Amino acid sequence: MLPLPSKSLAATQVESPGVLLVYDSLAIGTPYEGNVEALQRILASFGVQVTLRSYDQYEAGTMSKYSKVIDIHNVDDMTALPDSFSQDMNKYNGDYMHIGNHLPAKIGQALHLEEQTQSQDTIRIEIGKLTQHSISVNGISYITKYSGNSYGQITSENRRTSVPYSVSNGKYAYIPYMVKGNLSEQAASFVLKDWLAVTTPSHYYVLLNEIYPFSDLDLLNEMADRLYSAGIPFIASVQPVFGNQDFPAMQRYLESLKHVQSRNGNIVVNAPVVESTTSPDVLGLKSQMSAFLDALAGYSIVPLGISSELYWTYDQHYTEQGLSFFDSGIILPNNRLRYRSQTTTSSVFAGKSMYTITAEELSKYSLSNRTLDPLPMDTALVYPFPENRKDMETMLDTMLASWTTFTDYKNVPHTVRTEANEMTSRSGHLQINGAAVLLNNSMQEIDSEHMYVQETKKSFTALFTLQNNIFIVLIIATLFIFMVFLIIGHRLYKRKFTHQGRSL
């Protein structure tokens, strides 16, 4: 038995404080809504622990505990900052990044910054080999003079003038404009990587998600074969099964996942959908997840991480009960928040973390005939699992026409650990409890006609058989007795009439 580590693989704390992220407003109902979450997700993909504070929650002295602070201003009107924050800001000497309007004077002076503000405009953003046109903006600030490094450019399509998208001089960084859902979200990662002093190279990965036990498994097997033939490694994010693991449907599911693994597909577990924070699956998440992971290991399938919505990393229950088995995670955008034990400080994965963007969205920012350089952070291009063969052909055509280079996820170290099993990848080789996993693409036939209701009635088969045998014996005995009485009656009848004949 392998004990769980004293510290969970998805650690709730790191050796030193990460980044303090402060904001004035979540800007609900405005174009800036969601940019705080988008920044959190980028920081998570860089493996950075984040402590989140609104101005209303800020306490004096908090800033001095951090070597890096990011301040997001979403409110157009200049409002008075809390005295505790203003005083700490005046004394703060660490690294500081400002996003949005109302840049502090001392940061502007350090960057030798000059700006012009435009109330309304239509802009184009360019960074790396990515471009987005015709973005409508209100109240944007253009950087006209600066010292240090610049990143990308913003072009006013009305005035036909170009300025840097963002600037940095190492210690200080400034991003005037960041909105969730357009290229400014990804553009922010370029300056963030330098400001965080991240030096590791990044890669693109293919992620197939929304794979369930009731998905078209024949289509999944065919798609794995086609991707393997095309030389495209991929990640399959699979939905866990809690309970009923002896049913044939589960066996067919495991057979398909084993086949996917043999075709250069890498298995990650998708965090279960939370419908209710008081459901049995949520309350017993740790034992349920452990049972599913052990079922995978028992079938020689090696999961290499977990994919979850961002908010799971800001929840103590989900971190301890669900994420703690994994040292690698793929961070998805929040869809529907279902906190159980919310925290203001994120958990971080000890190994690889990954940003996600749909392949469709990224294609809007790039030219089809241009090689696409990786984003500053490891990025999974998300392809929803197709519902039919036509959709699969369209998806495959898109991948094969892409000039993007995709990396094999198992080439970097991953560890998944339960009490019973340790599953790892090392330099492209999969292991379970130290033993190499042989990739076998042969598939066992599972009875497809088996019905779950038959499983529940199977225990009565012996009883029904016994009853049938008893009835057969009773019928035969009854027939035998009837025949005996018939013979006796016939003989008595014959004897009677014989006696009467002699008397006459």
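All values derive from a computational prediction rather than experimental measurement. These values consider heavy atoms only, across backbone and side chains, with no hydrogens, waters or symmetry-generated copies.
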request  = Check the pair L39 / M178 against side-chain contact (heavy atoms from CB on, under 4.5 Å), numbers first and verdict last.
outcome  = CA-CA 9 Å; L39 186 62; M178 180 182 174; 4.1 Å; yes
task = Assess the pair F85 and Y58: is the distance between their ring centroids shorter than 6.0 Å?
result = yes
Do you know which two heavy atoms are closest between [X] and [Y], and how far apart they sit?
| X | Y | value |
| --- | --- | --- |
| I331 | A44 | CG1-CB, 4.2 Å |
| P272 | M289 | CD-CE, 4.0 Å |
| I175 | S166 | CG1-CB, 3.8 Å |
| M423 | P303 | SD-CD, 3.4 Å |
| T418 | S290 | CB-OG, 3.8 Å |
| Y177 | Y165 | O-OH, 2.9 Å |

Ion pair present between [X] and [Y], side-chain N to carboxylate O less than 4.0 angstrom?
| X | Y | result |
| --- | --- | --- |
| D315 | R340 | no |
| R417 | E422 | yes |
| K129 | D373 | yes |
| E33 | K180 | no |
| E393 | R226 | yes |
| E309 | R336 | no |

Is there a side-chain contact between [X] and [Y] (heavy atoms, below 4.5 Å)?
| X | Y | answer |
| --- | --- | --- |
| R53 | L21 | no |
| Q186 | Y355 | yes |
| N270 | V238 | no |
| L26 | Y32 | no |
| L43 | L192 | yes |
| I70 | L20 | no |
| V416 | L293 | yes |
| S141 | Q116 | no |

request  = Over 60° means perpendicular and under 30° means parallel, so classify the ring planes of Y205 and Y409, tilted if in between.
outcome  = perpendicular
task = Give me the ring orientation class for Y311 and Y339: parallel if the planes are under 30° apart, tilted from 30 to 60°, perpendicular past 60°.
result = perpendicular
inquiry  = Counting only heavy atoms from other residues, nucleotides and ligands, does the tally under 6.0 Å from CD of E360 exceed 12?
reply    = no
query = Is it the case that more than 12 heavy atoms not belonging to Y92 sit under 6.0 Å from its OH atom?
reply = yes
Donor-acceptor check, side chain of [X] to backbone of [Y], threshold 3.5 angstrom: yes or no?
| X | Y | value |
| --- | --- | --- |
| S347 | T319 | no |
| W195 | S168 | no |
| D327 | A350 | no |
| T379 | T356 | no |
| N388 | D391 | yes |
| Q120 | G139 | no |
| T358 | E361 | yes |
| H102 | D76 | yes |
| S202 | L375 | yes |

Value rounded to 0.5 Å, distance of [atom1] in [X] from [atom2] in [Y]:
| X | Y | atom1 | atom2 | result |
| --- | --- | --- | --- | --- |
| I154 | Q118 | CD1 | CD | 12.0 Å |
| L130 | S366 | CG | OG | 6.5 Å |
| K193 | T199 | NZ | OG1 | 7.5 Å |
| E157 | S134 | CD | OG | 4.5 Å |
| Q342 | L52 | CD | CG | 9.0 Å |
| I125 | I135 | CD1 | CD1 | 4.0 Å |

request  = Go through the steps for T161 and Y142 under the test side-chain contact (heavy atoms from CB on, under 4.5 Å), then give the verdict.
outcome  = CA-CA 10 Å; T161 57; Y142 293 120; over 6 Å; no
request  = With sequence neighbours excluded, give me every salt bridge (charged side-chain N to carboxylate O under 4.0 Å, His left out) pair touching residues 117-127.
outcome  = R124-E126
task = Take K68 and Y96 through the test side-chain contact (heavy atoms from CB on, under 4.5 Å) and record every step on the way to the result.
result = CA-CA 6 Å; K68 291 184 178 292; Y96 177 88; over 6 Å; no
task = Among D378, T405, L362, find the one that has a side-chain contact (heavy atoms from CB on, under 4.5 Å) with Y204.
result = L362
Going by distance alone, is a donor N or O of one side chain under 3.5 Å from an acceptor N or O of the other, for [X] and [Y]?
| X | Y | value |
| --- | --- | --- |
| D24 | N74 | no |
| D95 | Y172 | no |
| H73 | Y55 | yes |
| S45 | S353 | no |
| R263 | S229 | no |
| N264 | K410 | yes |
| N158 | S156 | no |
| T415 | R426 | yes |

inquiry  = The test is side-chain hydrogen bond (donor to acceptor under 3.5 Å, both in side chains); show your working for K106 and N90 and say whether it passes.
reply    = CA-CA 8 Å; K106 78 171 191 176; N90 291 333; 6.0 Å; no
task = Go through the steps for N149 and D194 under the test side-chain hydrogen bond (donor to acceptor under 3.5 Å, both in side chains), then give the verdict.
result = CA-CA 10 Å; N149 299 319; D194 284 353; 5.5 Å; no
query = Could you go step by step and tell me if S402 and T404 meet the side-chain hydrogen bond (donor to acceptor under 3.5 Å, both in side chains) rule?
reply = CA-CA 5 Å; S402 172; T404 306; 2.9 Å; yes
key: Chi angles and distances behind the side-chain hydrogen bond (donor to acceptor under 3.5 Å, both in side chains) call for H112, S147   = CA-CA 6 Å; H112 300 97; S147 65; 2.9 Å; yes
